[in-house]
Visitor: 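What follows is a structure written as C-alpha cells; I'll ask about it next.
Every chain is numbered from 1, with letters handed out A, B, ... down the list of sequences.
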There are 2 protein chains.
Amino acid sequence: MGPGRRAGRSTSRNDILEAARARFARHGYVGTTVRAVAVDARVDAALVHYFFGTKTSLFAAAMALPVNPADVLAGVLTDGVEDLGERLARAFLRIWDDPAAGAPLVGLVRSAASHDEAATMLREFAGQEMLARLAGALDDPRAELRATLVGAQLLGVAMGRYVLRIEPLASANHDTLASALAPTLQRYLTGELSPRDA
Amino acid sequence: MGPGRRAGRSTSRNDILEAARARFARHGYVGTTVRAVAVDARVDAALVHYFFGTKTSLFAAAMALPVNPADVLAGVLTDGVEDLGERLARAFLRIWDDPAAGAPLVGLVRSAASHDEAATMLREFAGQEMLARLAGALDDPRAELRATLVGAQLLGVAMGRYVLRIEPLASANHDTLASALAPTLQRYLTGELSPRDA
DNA sequence: GCTAGATTTCAACAACGGATGAAAAACTCT
DNA sequence: AGAGTTTTTCATCCGTTGTTGAAATCTAGC
C-alpha cells in the first residue's frame with residue numbers, strides 16, 4: 001500500500017479500539033499482541049503506537065466503559081433495601097448482556113486473572129468503589145462480608161456465563177437467571193447469614 | 001558452576017515442579033516463562049525441557065492434583081440430597097484451603113481466563129466431569145441449570161477468596177463461610193429456583 | 001499554491017521466549 | 001574399572017514483541 005496518509009476521513013483510531021476490545025476480551029492482556037490488534041484493524045502496528053503510545057494505555061483506552069457501573073449501583077441503591085437483591089441482579093445482567101459494556105468487562109476480568117496491572121485496576125474499581133458503597137448502604141456489623149458475598153456470587157455468574165460460557169448458564173434466559181439469583185443476593189444483603197442465627 | 005551432573009541425590013525435578021506450580025498460580029500460563037521457573041528452581045532452563053519436554057506438558061504436570069475432586073464429589077453425593085448444600089460447601093472449602101490442592105487449582109483458574117488450552121482443560125474437567133455428575137444426582141427437569149448455578153456460586157468464591165483475595169472474604173472463617181453458602185447451594189439444588197414457583 | 005499538521009507504512013532494533021544439540025560430570029551395574 | 005545411563009550447563013537458533021525513527025502521502029488554513 002505504501003506509506004502516507006489515506007484519502008478521506010480516517011476511521012483507524014476507532015477500528016483499532018474495537019479490535020483491541022475484541023482481542024483483550026478473548027485473550028486477556030498478556031495474550032493480546034499489538035501486532036494482532038493492528039492486523040484485525042487492517043493497519044500497521046506502528047499506527048497503534050502513534051495513536052495510543054504504549055500497550056498499557058491502549059488497554060486502558062479499550063477498557064473504558066460506556067456506562068459507569070458505580071453510577072448504576074448508586075441508582076439501584078436509592079430505592080431502599082427491600083427489593084435490592086432483585087434490582088441488583090437485574091442491573092448486573094443488563095450491563096453484562098449489553099455487548100458495548102460486556103466486552104470491556106470480559107476483557108478486564110480475563111486480564112485481571114493473569115496481569116497484575118489489570119488486577120489492580122479491577123480490585124480498586126470493583127473493590128474500593130463498588131463493594132464499599134454497597135456495604136455502606138447496609139447498616140450491619142458484617143456489612144463488608146455481606147457485600148463480598150454478593151460480589152462473589154455475581155463474579156461467579158460473570159465467569160461462568162460470560163467468560164467461560166458454561167452451558168446452560170451461558171444461554172439461560174435473562175429473567176430466569178435474575179429470579180434465581182435475587183433470593184440469594186437478598187439473603188446475603190439482609191437475611192440471616194447462618195441458619196443458626198434464626 | 002559448569003556442566004555435568006551434581007553429586008548426591010537430585011531434587012531438581014521436584015524443585016522445578018514446585019517452582020512451576022507457584023509461578024502458574026501467581027501469573028497464569030501465559031505470564032509464566034520457562035526461564036523464570038528455572039531461576040526459581042535454581043536450575044538451567046534447558047533442564048526444565050529435559051525433564052518435561054514442552055511448556056505445555058510442564059503445565060499439565062504442575063496442575064496434577066493430589067486429590068481427585070471428582071472422587072470427593074462422588075463421596076459427598078452418596079449421603080443423599082438433604083444436607084447436600086452444607087456438605088458441598090464444606091468439601092469445596094476444605095480442598096481449596098489446602099495449599100497442596102489449592103495452588104494447582106488457583107493456577108488452573110488463572111490460566112483458564114487467558115489461555116485456551118487451560119480453559120478447555122478446566123471446562124472438560126469441571127464441566128463434563130463434575131457438573132454433569134452433580135446434575136445427574138438431582139432428578140429435576142432443570143437439573144443442569146441448577147448444577148451450573150451451584151458451579152457459578154462456588155467459582156465466584158474461588159475467584160474472590162483464592163485468586164483475587166478480596167477482603168474480608170479472603171480471611172473469612174471457614175465455618176462462617178460454609179454456613180453462609182450452604183443455604184444458597186441447597187436452594188439451587190433442591191429449592192424453588194424462582195420465588196414465583198412457591 | 002504553500003505551509004503546517006495529521007495520518008500512514010516501512011524498516012529496524014533490542015529484548016525475550018521456547019526449544020535444541022553438544023559436551024561434561026556423576027551415578028549404576030557388571 | 002569400564003560401559004551405559006542420567007543429570008546438568010552452555011551456547012545458540014529462531015520466532016515474536018513492544019517500540020522507535022524516518023519518510024511518504026493526505027488534509028486544512030491561509
Side-chain angles (χ1 to χ4, degrees), chain A residues 1-24 26-63 107 110-111 114-118, chain B residues 1-24 26-63 107 110-111 114-118:
Chain A
M1 186 72 90
R5 187 174 182 166
R6 301 283 166 268
R9 300 170 203 76
S10 169
T11 62
S12 299
R13 201 196 138 92
N14 224 290
D15 294 349
I16 293 170
L17 264 185
E18 277 176 31
R21 260 191 281 271
R23 280 272 163 188
F24 284 132
R26 248 187 150 51
H27 307 288
Y29 182 85
V30 197
T32 295
T33 73
V34 173
R35 281 172 154 93
V37 170
V39 168
D40 289 358
R42 269 183 281 269
V43 141
D44 188 274
L47 198 61
V48 177
H49 286 101
Y50 169 71
F51 279 121
F52 297 98
T54 115
K55 181 184 176 184
T56 301
S57 44
L58 170 65
F59 181 71
M63 294 302 107
R110 271 230 164 86
S111 305
S114 57
H115 187 240
D116 284 343
E117 215 159 331
Chain B
M1 185 71 89
R5 189 173 180 166
R6 303 280 165 269
R9 298 172 204 74
S10 169
T11 62
S12 300
R13 201 195 138 91
N14 224 290
D15 295 348
I16 292 171
L17 264 185
E18 277 177 31
R21 259 191 281 270
R23 280 273 164 188
F24 285 132
R26 251 191 149 51
H27 306 288
Y29 182 86
V30 197
T32 295
T33 73
V34 172
R35 282 172 154 96
V37 170
V39 168
D40 289 358
R42 269 183 281 269
V43 142
D44 188 274
L47 198 61
V48 177
H49 285 103
Y50 169 72
F51 279 123
F52 297 97
T54 116
K55 182 184 176 184
T56 300
S57 44
L58 170 65
F59 181 71
M63 294 302 108
R110 268 229 164 87
S111 305
S114 57
H115 188 240
D116 282 344
E117 214 159 333

Visitor: Among residues 9-17 of chain B, which contact DNA chain D at a heavy-atom distance under 4.0 Å?
Guide: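 The stretch gives B:S10, B:S12 as the residues lying under 4.0 Å from the strand, ordered by number.
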Visitor: Go through the structure and list residues passing side-chain contact (heavy atoms from CB on, under 4.5 Å) with B:R13, not counting sequence neighbours.
Guide: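 Partners of B:R13 by the side-chain contact (heavy atoms from CB on, under 4.5 Å) criterion, ordered by chain and then number, come out as B:F51, B:F52.
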Visitor: What is the first contacted nucleotide of DNA chain C and what is the last, in 5' to 3' order, if contact means an atom lying under 4.0 angstrom from a heavy atom of chain A?
Guide: C:dG5 to C:dA12
Visitor: According to side-chain hydrogen bond (donor to acceptor under 3.5 Å, both in side chains), who are the partners of B:T33, at least two apart in sequence or on a separate chain?
Guide: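 Result, side-chain hydrogen bond (donor to acceptor under 3.5 Å, both in side chains) vs B:T33: none returned.
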Visitor: Determine the minimum heavy-atom distance between A:V30 and A:K55, stating which atoms define it.
Guide: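 Scanning both residues completely, I find the closest heavy atoms to be O-NZ, 4.1 Å.
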Visitor: Is the shortest heavy-atom distance from the side chain of B:F24 to the side chain of B:M63 under 4.5 Å?
Guide: yes
Visitor: Between CD1 of B:I16 and OH of B:Y50, what distance do you get to the nearest 0.5 Å?
Guide: 11.0 Å
Visitor: Please list all pairs passing the side chain to side chain donor-acceptor pair (under 3.5 Å) test where one or both residues lie in residues 3-12 of chain A, with sequence neighbours left out.
Guide: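 Listed once each, the pairs are A:S10-A:S12, A:T11-A:D15.
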Visitor: Going by the angle between their ring planes, with limits at 30° and 60°, are A:H115 and A:Y29 parallel, tilted or perpendicular?
Guide: parallel
Visitor: Name the residue closer to the 5' end of DNA chain C, choosing between B:A36 and A:F51 according to the nucleotide with the nearest heavy atom.
Guide: A:F51
Visitor: What one-letter contact string describes nucleotides 17-24 of chain D from 5' to 3', where B marks a base within less than 4.0 Å of any protein heavy atom, S marks contact via sugar-phosphate atoms alone, and - marks no contact?
Guide: BBBBB--B
Visitor: Side-chain donor-acceptor contacts of residues 35-42 of chain A below 3.5 Å, not counting sequence neighbours, with atom names and distances?
Guide:
| residue | atom | partner | partner atom | Å |
| --- | --- | --- | --- | --- |
| A:D40 | OD2 | A:R23 | NE | 2.8 |

Visitor: Can you name the side-chain contact (heavy atoms from CB on, under 4.5 Å) partners of B:S57, sequence neighbours left out?
Guide: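 For B:S57, the residues satisfying side-chain contact (heavy atoms from CB on, under 4.5 Å) (neighbours in sequence not counted) are B:T54.
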